[in-house]
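Note that the structure is predicted; figures quoted are calculated from it, not measured. All values below were derived from every heavy atom in this structure, side-chain atoms included, with hydrogens, water molecules and symmetry-related copies excluded.
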Amino acid sequence: MGRKITIEPVTRVEGHGKVTIHLDDRGKVTQSRFHIVEFRGFERFVQGRPYWEAPVLVQRLCGICPVSHHLAAAKAMDVIVGAGPEGLTPTAEKMRRLMHYGQMLQSHALHFFHLVSPDLLFGMDADPAIRNIIGVVLKHRDLAVQGVMLRKFGQEIILATAGKKIHGTGAVPGGVNKNLTIEERDSFLKGPAPLNADTMIEWAQGALDLFKAFHKDHKDLVDGFAPFPSNHLSLVRKDGALDFYHGVLRAVDSEGRKVLDDVDYQDYLKYIGEEVRSWSYMKFPYLRSLGKADGWYRVGPLARLNTCDFIPSPRAQKEFEIFKAYTDGKPNNMTLHAHWARLIELLHAAEVIRDLLNDKDLQGEKLVRRGKRRPEGVGLIEAPRGTLFHHYRVDDNDQIAMANLIVSTTNNNEPMNRAVNWVAMNMISEKPEITEGMLNRVEVAIRAYDPCLSCATHAIGKMPLVVEIYDYRENLVDRKCK
Amino acid sequence: MQINRILVYGIGNPGRCDDGLGPKLVSLVEAEGIENVDSDFNYQLNIEDALTCSHYDAVVFVDASETAAPPFEFKELEPAREIAFTTHEMPPASVLALTGELYARRPRAWLLAVRGYEWDIGEGLSPQAEINLSAALAFLADWVGQSKGRTL
């Protein structure tokens with residue numbers, strides 16, 4: 001009897017994701033798919049609104065990384081007001097960088113301590129009652145405290161730069177609306193331990209060391225879980241450095257050959273296509289030069305460390321060299337190595353925050369620059385989960401006439417499907433019983449990409465996890481609730 | 001425990017219609033300026049909120065609900081160590097458990113679950129949610145007035 005397994009929604013990611021795994025009458029996987037049940041409406045939301053509202057409005061789309069949407073929209077509006085993408089004042093550019101790297105710090109910290117460390121510390125088959133952040137607190141209290149305080153520090157940086165805890169207003173078309181006061185700066189640099197930049201660097205290093213120690217003891221698991229070759233895409237600085245805030249587009253293939261290099265992202269439509277498939281609301285982006293079948297790519301921490309040439313901060317660069325040496329300088333295509341890459345980025349973010357805080361430009365008074373008004377602009381940023389595209393056209397009445405967003409999770413659509421399929425084929429296919437540990441491995445594969453699916457509708461009662469098994473006639477034969 | 005410091009914490013996304021009930025109610029509480037009552041709101045709770053909660057004697061989480069009996073439900077929360085559905089957010093009971101384990105503080109906590117109906121992308125509450133919001137606000141103001149300074 002053929003069966004279909006449905007996981008809906010996936011836990012530890014947002015919104016309405018669903019995994020379906022189809023089995024034939026011998027329990028062999030015939031198809032797996034990672035669906036997005038509800039995803040449309042972003043672009044419609046901002047159409048008709050004045051362009052200057054966009055950086056604030058778009059934050060309402062997502063409760064996970066609102067700063068990314070805020071800054072990507074602001075960068076697009078910089079172009080529209082004739083200031084961008086590289087014409088901001090030093091104060092404006094560095095304030096935005098501080099905001100963004102603060103977000104990276106808190107987002108990467110949350111992902112590791114809250115979502116990943118339970119799997120590492122307790123194992124993928126551990127009782128879910130233990131395999132969570134509370135379990136981490138009970139057994140590794142210091143680690144949990146560090147996770148909370150890294151999050152807190154990043155959130156405080158965002159508050160100081162964006163002006164508000166949510167729906168920040170710090171970035172405006174052509175610049176920012178505030179600088180960083182001496183008092184704010186000193187609180188981050190010299191604040192009472194542990195909430196200061198130097199402590200954050202040490203804790204980020206500690207988290208990275210924890211992962212490396214785990215990797216050393218579990219190489220087969222970490223290296224052998226869902227590896228597959230892919231292209232990789234990200235922004236890099238003009239000189240090839242890792243840069244989360246601004247740069248040019250670069251893509252490499254699984255062997256490290258450059259597919260795109262030094263591409264101005266205002267022209268992204270020439271290089272990036274979006275395929276629609278009937279079974280998913282989420283599009284499948286691809287590199288046009290390689291075509292739909294071969295042009296799909298990864299974005300995010302793993303992709304960023306595969307595309308960049310170096311990391312411009314000393315401790316993260318040292319770790320980057322170890323990371324690169326592990327694959328002899330070739331791109332790293334191992335799914336769980338995304339956690340390794342993410343923690344190197346965590347360390348880099350902490351270092352950059354400290355360096356920015358010591359930069360006197362943050363106290364500058366020139367906040368906004370404007371030039372010749374343009375009808376169209378594209379803003380790109382490396383969000384925690386990967387490259388985020390915002391593209392707008394504005395009419396003569398200053399109203400947004402067209403918006404196109406490609407969010408990081410959309411860019412990772414095909415890789416997430418491939419990772420789920422790897423688990424289905426290697427962990428579930430032809431097994432007599434579907435266990436919680438097997439289903440957790442599906443989630444482990446997806447969690448490596450840290451996806452943000454439906455952006456923050458969370459009301460009580462909307463987040464059950466249901467596993468349903470159907471026979472080939474779509475009759476329900478088993479149902480599990482987590 | 002004597003209740004001297006109360007936190008009213010709204011949860012939700014105002015860009016998702018009735019999902020914004022929590023933040024909206026908090027904005028109304030702030031406008032009232034109730035003594036010894038602090039307020040906060042965010043899209044969702046997360047691990048750092050354990051630290052925030054540790055500073056209070058009582059916390060009222062205000063959230064939209066798809067299933068509560070209208071106009072709202074009000075119930076006391078107990079810390080819950082088991083996290084059945086872990087996402088980027090944390091449920092209030094898990095935040096309370098973290099507060100206890102990390103900071104050795106156990107504030108009394110309640111959930112004010114206000115019934116909502118519309119969850120699409122968009123601004124503003126549905127008409128019925130507005131009615132429920134008014135009822136919830138009146139209840140909360142009365143509850144805070146009765147609770148402050150008392151031993152609960």
Side-chain angles (χ1 to χ4, degrees), chain A residues 9-15 38 40-42 44-45 57-64 66 106-107 109-111 113-115 118 128-135 137-138 141 144-145 147-152 154-155 165-167 450 452 455-465 481-482, chain B residues 11-23 40-52 54 61 63-68 73 79-95 97-103 111 113-117 119-123:
Chain A
V10 173
T11 57
R12 296 201 224 182
V13 295
E14 303 313 306
E38 175 197 323
R40 306 299 295 162
F42 282 14
R44 197 175 63 241
F45 184 64
L57 278 177
V58 293
Q59 294 174 85
R60 300 192 169 208
L61 303 177
C62 179
I64 308 306
Q106 60 88 18
S107 179
L110 177 73
H111 185 262
F113 289 99
H114 184 16
L115 304 181
I130 300 167
R131 197 187 61 226
N132 58 50
I133 186 67
I134 305 293
V137 173
L138 294 174
R141 188 175 179 282
V145 168
V148 169
M149 300 310 280
L150 275 159
R151 272 280 295 185
K152 179 82 175 168
Q155 297 281 36
K165 195 169 177 179
I166 65 172
H167 299 173
D450 194 18
C452 173
C455 294
T457 294
H458 74 285
I460 302 161
K462 290 184 76 70
M463 296 291 286
L465 174 69
C481 295
K482 284 178 69 180
Chain B
I11 312 161
N13 183 351
R16 288 294 188 115
C17 294
D18 293 350
D19 200 40
L21 272 163
D40 201 350
F41 64 95
N42 212 332
Y43 287 109
Q44 55 221 338
L45 295 173
N46 220 305
I47 55 177
E48 66 274 15
D49 291 310
L51 178 60
T52 303
S54 73
F61 296 101
D63 201 353
S65 173
E66 194 180 30
T67 55
E73 292 179 5
R81 286 184 176 181
E82 183 171 344
I83 299 177
F85 308 107
T86 24
T87 67
H88 285 104
E89 67 169 336
M90 291 194 85
S94 299
V95 171
L98 261 186
T99 304
E101 298 297 341
L102 283 177
Y103 301 106
L111 175 65
V114 186
R115 177 63 184 268
Y117 307 90
W119 314 102
D120 288 338
I121 291 175
E123 294 173 299

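Comparing I130(A), L150(A), V137(A) by how many heavy-atom pairs each has under 4.5 Å with chain B, the most go to V137(A). Of the residues considered (M149(A), R141(A), Q155(A), K152(A)), R141(A) shows the highest number of contacts with chain B, using heavy-atom pairs under 4.5 Å. If you tally non-hydrogen atom pairs under 4.5 Å between each of D18(B), D40(B), L21(B) and chain A, the highest count goes to D40(B).
Judged by distance alone, with hydrogens and angles left aside, the side-chain atoms of N46(B) form no donor-acceptor pair with the main-chain N or O of E48(B) at under 3.5 Å. Checking side-chain atoms of D19(B) against main-chain N and O of N13(B) turns up a donor-acceptor pair under 3.5 Å. A donor-acceptor contact shorter than 3.5 Å links the side chain of R115(B) to the backbone of A68(B).
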Checklist entry - Are Y103(B) and V148(A) close enough, and set up right, to give a side chain to side chain contact (heavy atoms under 4.5 Å, CB included), and what steps lead you there? => result CA-CA 11 Å; Y103(B) 301 106; V148(A) 169; 3.5 Å; yes

Next on the checklist: Before you tell me yes or no, could you show the steps for F113(A) and R151(A) under side chain to side chain contact (heavy atoms under 4.5 Å, CB included), namely the whole-Å CA-CA distance, both residues' side-chain angles and the distance that decides it to 0.1 Å?
Outcome noted: CA-CA 10 Å; F113(A) 289 99; R151(A) 272 280 295 185; over 6 Å; no

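Both the backbone and the side chain of L98(B) come within contact range of chain A, with heavy atoms under 4.5 Å apart. With a 4.5 angstrom heavy-atom cutoff, L138(A) touches chain B only via side-chain atoms. Neither the backbone nor the side chain of Q106(A) has a heavy atom closer than 4.5 Å to any heavy atom of chain B. Both the backbone and the side chain of V145(A) come within contact range of chain B, each with at least one heavy atom under 4.5 Å from a heavy atom of that chain. For a residue to count as touching a neighbouring chain, one of its non-hydrogen atoms must lie under 4.5 Å from one of that chain's; by this rule L57(A) touches chain B with the side chain only.
L111(B) and D63(B) get closest at one heavy-atom pair: CD1-CB, 4.2 Å.
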